[in-house]
2 protein chains.
Amino acid sequence: MDRLTALQVFRHVAELNSFAEAGRRLGLSPPAISKNIAELEGHLGVRLINRTTRRMALTEEGRIYLEHVTQGLDALARADQVLGPIKTAPSGTLRVSAPMTVTLTRLSAGIPAFLSRYPDLKLDLHLDDRRVDIVREGFDLAIRGSDNLEDSSLVARKLAVMPHVLCAAPSYFEKHGRPKTPADLKAANCIRFSLSGHADIWEFRKDGRSERIAIEGRYSVSSSLAVRDALRAGFGVSLIPHPYVESDLKAGRLQSALDDWEKVETTLYAVYPARQHLAPKIRVFLDFLIEEFSRDKEKPFVPLRRERSARRSVGEGTEAENQTEILPSISSP
Amino acid sequence: MDRLTALQVFRHVAELNSFAEAGRRLGLSPPAISKNIAELEGHLGVRLINRTTRRMALTEEGRIYLEHVTQGLDALARADQVLGPIKTAPSGTLRVSAPMTVTLTRLSAGIPAFLSRYPDLKLDLHLDDRRVDIVREGFDLAIRGSDNLEDSSLVARKLAVMPHVLCAAPSYFEKHGRPKTPADLKAANCIRFSLSGHADIWEFRKDGRSERIAIEGRYSVSSSLAVRDALRAGFGVSLIPHPYVESDLKAGRLQSALDDWEKVETTLYAVYPARQHLAPKIRVFLDFLIEEFSRDKEKPFVPLRRERSARRSVGEGTEAENQTEILPSISSP
DNA sequence: GACATTGTTTACTGGTAGAGAATGGTGCGA
DNA sequence: TCGCACCATTCTCTACCAGTAAACAATGTC
């Protein structure tokens, strides 16, 4: 038996003083009302309502019970109501984890505007280049690079692709020569971003041919901004996401090399716990991210679907494959 | 879905921080836990718990919801607990309706002892000779005479049979003569108890022959005690329940007549709303009544079953007929 | 006094809650 | 580093139960 229904039936019957009326009000047939009350009484072992076919009245026990039940039901109803506004308007605290550099170069500036758009929203932004466990640490959303992406039940939304560029200061190239082939890098002073998945081996491609160079260098650092500073100082050469050095390249402070070779890309993802029942506060922040990262793109953002890891489903795994909404694994809408 | 179950599942999961552990605690399988949480979230349109297979944490909404839900569930649990003691020990207020005379002559004296046996019990005893609507007026129990008994869904428990006796004061018989046959009463000054079902026609039986006498008299009164007073004063003759005049007959203040004729009997019933889930306070009072009315009987009380009104049931009305426990109509265990 | 309303009972049925098996994911310990 | 054990989820199946409809009994009213 559904006890919550039974309690609501009891309450209505008690307040309306009629089985039939309660039935009409609740959209239930008279027998259903009878049975609910009878089962409730059976469960409690107490008669709650004295009734003839024409008259009914609560027993003393019924009155006592009603009092407490009413409190309980009201509290539960309030629980539902409290979630109402939260369900529609962004509010509460949004906990976000994001890598330092990309935030400072691409995001940070737009956040005040975002926050003033949603006055009820608080943002708790943790800048951290390590891969946080978003469930354990209670984050609503995290921004990850592709070399940092776990294969989990989380949802990953692609934000941007950051092509890398090989560059150094003009002064460095003058002194040590400009590399003509990837192999030339073996002799160069390569500055390494230690948190990158491809920190020690740089890969280049051309005409379907791939060159993997194990690089050498005296400086390894866990922030791309520090790498940039070292580049600007003419200390060495590095493979770095293009956006981080875009203004430097334009201004001539840095120069690129091996432009005819394809380099790695770092894809940025927004990672969050679930697609279903996405909280508005997460929804709007996600929209904000998508907008920010597609702002100065030549062509609008085109979503890509990341292939799901092979499913060894028992039955015929046909249609479910395409319903990305209910897939728990990584995918991009 | 049973929402109360879902809420309890949610609460356990939140407090134990584990789906599996909650399942073990509640005696449910892991899939059941998952489904309950998922359905609850679906119902609310809000994600309550972020979860991977190894880790789970409440969302902000989940924490807010849990708070209210806990309150609600606690209130409902309290409602059940409150009924616990009531269910076992007699307590609260017992509202009883009883006829004036029988109470004063047979019951009244024993009530203080009854009440001191149950210290938590209050008794609200309404002495009223009319037939009250016990459901409408909120009585827990009523004592009724057989000529007052409705054919309702109430339960009637036989308490005692009160044979009537035709009697008057010796002085009356001296002055007006002692009736030898029922027909002699036509000339007598008959005192009538107006609330009796047989106030105007007195019936006598002998050898299977029945005599119905339409009686005449100058005094009609709605209390048997007043009838007795008039008898004592030698004002007339009356047909009155034997117990009311027992001491008068013994002491010689009144004398009986037509002793070889059978007279009406008034059967006393205790009437109460239902046999199922009989409240202890009613149970003990019923026991008290049975004990009081069988106190000075020569042979112990033998329950009689009153025939149920004919049932035009569709199917073969076979066994249900004997299960008196579930019969709603009048019956005596 | 016939009728209408109300609560209850009975028999039936559609929906659903829970179990079991299989899968994918994760952390711990050897 | 690699199993191993555990965990949440999905899918499928089944048994049960809640609700309905129809019939009935009781009761008050026009």
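A, B, ... follow the sequence lines: proteins, then strands. Residue 1 opens every chain.
- Figure legend: cation-pi geometry between B/Arg144 and B/Tyr269 absent, as NZ or CZ is not positioned both under 6.0 Å from the six-membered ring centre and within 45° of its axis.
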Atom pairs under 3.5 Å, N or O on each side, protein against nucleotides 28-30 of chain D: can you list them with distances?
none

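- At whole-Å resolution of the value, CD1 in A/Ile33 and C1' in C/dT6 are 13 Å apart.
- Of the side-chain N and O atoms in A/Ser34, none sit less than 4.0 angstrom from OP1 or OP2 of C/dG7.
- Atom CD in B/Glu39 sits about 14 Å away from atom C1' in D/dT9, given to the nearest Å.
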Protein-nucleotides 18-20 of chain C N/O pairs under 3.5 Å:
from	atom 1	to	atom 2	distance (Å)
C/dG18	OP2	B/Asn36	ND2	3.2
C/dG18	N7	B/Lys35	NZ	2.8
C/dG18	O6	B/Lys35	NZ	3.2
C/dA19	OP2	B/Ser29	N	2.7
C/dA19	OP2	B/Ser29	OG	2.4

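- As rounded to whole Å, 16 Å separates atom C1' of C/dG7 from atom CG of A/Leu16.
- Between the CZ atom of A/Arg47 and the C1' atom of C/dG7 there is a distance of 12 Å, given to the nearest Å.
- For B/Gln71, there are no side-chain hydrogen bond (donor to acceptor under 3.5 Å, both in side chains) partners, not counting sequence neighbours.
- Listed by chain and residue number, B/Asp2 satisfy the side-chain hydrogen bond (donor to acceptor under 3.5 Å, both in side chains) test with B/Thr5 (two or more places apart in sequence, or in another chain).
- Pairs of residues two or more places apart, or lying in two chains, that qualify as salt bridge (charged side-chain N to carboxylate O under 4.0 Å, His left out) and include a residue from residues 5-20 of chain A are A/Arg11-A/Glu15, A/Arg11-A/Asp74.
- Rounded to a whole Å, the CZ atom of B/Arg25 is 13 Å from the P atom of D/dC7.
- Checked for salt-bridge contact, B/Arg47 and A/Asp140 miss the test: no charged N lies under 4.0 Å from a carboxylate O.
- Judged as a ring pair (Phe, Tyr, Trp, His ring centres under 6.0 Å), and not counting sequence neighbours, the contacts of A/Tyr65 are A/Phe10.
- For C/dG25, the OP1/OP2 oxygens have no side-chain nitrogen or oxygen of B/Arg51 closer than 4.0 Å.
- For A/Arg24, the salt bridge (charged side-chain N to carboxylate O under 4.0 Å, His left out) partners at least two apart in sequence or on another chain are A/Glu21.
- In this view, B/Arg63 satisfies the salt bridge (charged side-chain N to carboxylate O under 4.0 Å, His left out) rule with no residue, not counting sequence neighbours.
- Between the P atom of D/dC17 and the CZ atom of A/Arg3 lies a distance of 16 Å, rounded to the nearest Å.
- The nearest whole Å value for the distance from the CG atom in B/Asn17 to the C1' atom in D/dC7 is 13 Å.
- For the pair B/Phe19 CZ and D/dC7 C1', the interatomic distance rounds to 10 Å; values are reported in whole Å.
- Applying the salt bridge (charged side-chain N to carboxylate O under 4.0 Å, His left out) test to B/Arg212 and every residue at least two apart in sequence or in another chain returns B/Glu203.
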